Amino acid sequence: MNETHYQARRQKLLASIEEGVAILSSSPLKIRSNDTEYPYRQNSDFYYLTGFEEANALLVLVKTKEIERSILFVEPYSDEFALWNGARLGVEGAMKRFEVDEVHSILEYPNHIKEILREHIALYFDFHDDSNHLKLAQQSAKELRESRGVKRYIRSFHDVTHWTRSMRLIKSSEEIDKIRYAISLTALAHHEAMKQCQNGLREFELQACMSYIFLSNGAMNEAYGAIVAGGNNANTLHYIDNRDVLKEGDLVLIDAACEWELYASDITRTFPVNGKFTEAQRAVYEKVLDVQLRVIEAMKPDVKRDWLQSYSEELLCQALIDLGILNGEVSTLLEAKAHKKYAPHGIGHWMGLDVHDPCPYVDESGESLAFMAGMVMTIEPGIYIKAEDESVPLKYRGIGIRIEDDILITESGCENLSSMIAKTIEEIEEMCKS
Ligand code: GLY
Ligand code: MN
Ligand code: MN
């Protein structure tokens, strides 16, 4: 992605907001232990508008009737920092690289912010931003309001993420390429896990073989904490302990994926530890797969996300009846939410710069959003039957299955971006053998 893409996004944001000043902050550094930090990950909205990955930076957008300006505040270059951590871009480097109107040192920000806000009537920021930079802007706005001779002052606050995240809903072809690349590495990792899996391994050993694939291909970060859940562990939806022994006759559910240039992938596969599905596992797996394929088939422009959710619940409910896990009429069971005991989570979520991309699910009037070409959503039905659930036939107890792919809405329908990852029973058993 070159600088013009980010510039075009800033212009689009400026065109959508009213007169005022927008402030977007980089992510804060977070201490992990004593003086050691967590690996740094840029704030997704800030990155979307700048492509800048350094910490302690600010983007300030200014809009009046006459002018629109983009101002970047960055950490200055320092020899000392360069010695220990590597060189920062600094003010001059940032001025050269970014197509912004001004770049200043972040150390100068307190001297600039009051002048920037003077005579403006609206402040746009992320309501979750609790940085000192933003607090200073709010304080400056308050002081301006109380200053003599100031005719106009900030009198409204707006959540800037309302605009940035609506923009993030539709992915450009460059963004889709990054998602595709993340998925291609994730595909290698899932296939490797299927090949390596055997009775007696620890869950973390499968995690390790996937992490090796990610790192050795340059994907420095996973998109989220890997779930490697053998047997009944799959029934804990966010199981990340990953320390149990994988047992003969059990399934293993792996929900793990990497990030590429900050773009996520999000993939789940469930397969037998010994490479061969039992009859009961096969029965549940085929139902989950059938639901997933039918839901994906229904995805196209103008279909509403809420409708897709209801449709998937109907299909899952019918699947649970077919398996003999629920008894009764679909409509009555849906009404009573009986299926939620075995299929408790939603059918999918937006995916992009964040694995759970925080883009809107409803339009301006609160109606469920209709799909449009360029949107990316995961489709991840699951059926989870706890080992201790005596209301279910014995053969199914302890089975937890989820199948998750990443789907791009296209002009004519949709494309499963992760269709290369083994998914049918035959494909999985074949991959496990190799
Ligand atoms: N891996 C997180 C999710 O599937 O939503
Ligand atoms: Mn997901
Ligand atoms: Mn997932």
Side-chain angles (χ1 to χ4, degrees), residues 183 186-187 189-191 193-194 197 227-231 234-235 237 249-257 265-300 308-326 330 339-340 342-349 351 377-385 392-393 395-408 413-434:
I183 292 171
T186 296
H190 275 272
H191 287 161
M194 288 177 197
C197 190
I227 296 170
V228 183
N235 295 314
L237 295 179
D250 276 353
L251 293 172
V252 54
L253 179 156
I254 301 186
D255 185 348
S265 52
D266 184 6
I267 301 292
T268 309
R269 288 292 183 265
T270 312
F271 56 92
V273 169
N274 67 7
K276 197 98 191 108
F277 283 87
T278 65
E279 218 169 287
Q281 291 165 349
R282 178 182 282 263
V284 183
Y285 191 92
E286 273 173 348
K287 287 292 173 195
V288 178
L289 180 57
D290 182 58
V291 171
Q292 203 226 21
L293 294 175
R294 290 219 242 168
V295 170
I296 295 171
E297 206 184 324
M299 293 174 81
K300 58 181 182 199
L308 200 74
Q309 177 62 35
S310 310
Y311 179 53
S312 71
E313 289 186 36
E314 259 171 54
L315 295 174
L316 280 163
C317 196
Q318 184 61 56
L320 289 161
I321 296 169
D322 296 346
L323 289 165
I325 292 170
L326 288 180
V330 172
H339 60 299
K340 290 280 184 192
Y342 304 104
H345 59 73
I347 190 62
H349 50 83
M351 192 193 80
M377 175 165 272
T378 66
I379 293 298
E380 48 182 305
I383 290 181
Y384 310 90
I385 307 150
V392 172
K395 60 183 177 181
Y396 294 139
R397 292 183 208 161
I399 291 179
I401 293 172
R402 175 164 68 257
I403 308 173
E404 176 173 30
D405 282 304
D406 303 334
I407 313 299
L408 167 70
C414 72
E415 180 188 346
N416 181 352
L417 299 174
S418 42
S419 62
M420 75 295 264
I421 308 179
K423 185 163 74 168
T424 63
I425 288 185
E426 297 69 36
E427 285 166 350
I428 286 178
E429 291 188 345
E430 198 53 41
M431 190 61 72
C432 289
K433 256 198 265 167
S434 54

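The analysis underlying the following values was restricted to heavy atoms, covering all of them including side chains, and did not include hydrogens, waters or symmetry mates. Because the structure is predicted, anything quoted here is derived from the model rather than measured.
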*So L417 and D405, side-chain contact (heavy atoms from CB on, under 4.5 Å) or not? Walk me through it.*
CA-CA 7 Å; L417 299 174; D405 282 304; over 6 Å; no

*Interatomic spacing from CD1 in I267 to CG in D406 - rounded to 0.5 Å*: 4.0 Å

_S418 side chain near N416 side chain, heavy-atom distance below 4.5 Å_ = yes

*Residues that T278 engages under side chain to side chain donor-acceptor pair (under 3.5 Å), provided they are two or more places apart*: Q281

_What I want to find out is whether E279 reaches R282 closely enough, with some N-O distance under 4.0 Å, to be called a salt bridge._
no

*How long is the gap from CD1 on I407 to CE on M377, to the nearest 0.5 Å?*
10.5 Å

*Examine the side chains of E313 and Q309 and answer whether a donor and an acceptor come within less than 3.5 Å of each other.*
yes

*Least distance between heavy atoms, I254 atom then A193 atom*: CD1-CB, 3.7 Å

*Minimal non-hydrogen separation, E427 against I421, with atom names*: OE1-O, 4.5 Å

*asked:* So, taking the atom named CZ in R402 and the one named CG in L251, what distance separates them when rounded to the nearest 0.5 Å?
replied: 13.0 Å

*Looking only at non-hydrogen atoms, find the nearest pair between H345 and P381 and report the distance.*
CE1-C, 4.4 Å

*Identify the heavy atoms of G400 and N235 that sit nearest to each other, and give their distance.*
CA-OD1, 3.4 Å

*Distance from I227 atom CD1 to L237 atom CG, nearest 0.5 Å?*
8.0 Å

*With a 4.5 Å limit on heavy-atom distance, are the side chains of I325 and V392 in contact?*
yes

*Look only at the side chain of H191 and the backbone of A422, and say whether a donor-acceptor pair between them is shorter than 3.5 Å.*
yes

*Could you please spell out the steps behind the side-chain contact (heavy atoms from CB on, under 4.5 Å) verdict for I401 and I383?*
CA-CA 5 Å; I401 293 172; I383 290 181; 5.5 Å; no

*asked:* Just verifying a value: how many Å separate I425 CD1 and K276 NZ, rounded to the nearest 0.5 Å?
replied: 9.0 Å

*asked:* Closer than 3.5 angstrom, by distance alone: can the side chain of Y396 be matched with the main-chain N or O of L323 as a donor-acceptor pair?
replied: yes

*Evaluate salt bridge (charged side-chain N to carboxylate O under 4.0 Å, His left out) for E297 paired with R294, printing each intermediate quantity in order.*
CA-CA 5 Å; E297 206 184 324; R294 290 219 242 168; over 6 Å; no

_Quick one, I296 with Q292, criterion side-chain contact (heavy atoms from CB on, under 4.5 Å). Give me CA distance, side-chain angles, the key distance, then yes/no._
CA-CA 6 Å; I296 295 171; Q292 203 226 21; 3.7 Å; yes

*Looking at E380, H190, E404, which hits side-chain hydrogen bond (donor to acceptor under 3.5 Å, both in side chains) with T268?*
E404

*Should D290 and L315 count as side-chain neighbours, where that means a heavy-atom distance under 4.5 Å?*
no

*Run the side-chain contact (heavy atoms from CB on, under 4.5 Å) check on R269 and I403 step by step: do they pass?*
CA-CA 5 Å; R269 288 292 183 265; I403 308 173; 3.8 Å; yes

*If you measure from SG on C317 to CD1 on I321, what distance do you get to the nearest 0.5 Å?*
4.5 Å

_Nearest non-hydrogen partners of Y285 and T270, listed with the distance_ = CE1-O, 3.3 Å

_Show the nearest heavy-atom pair for residues F271 and C432, with the distance to one decimal._
CD1-SG, 3.9 Å

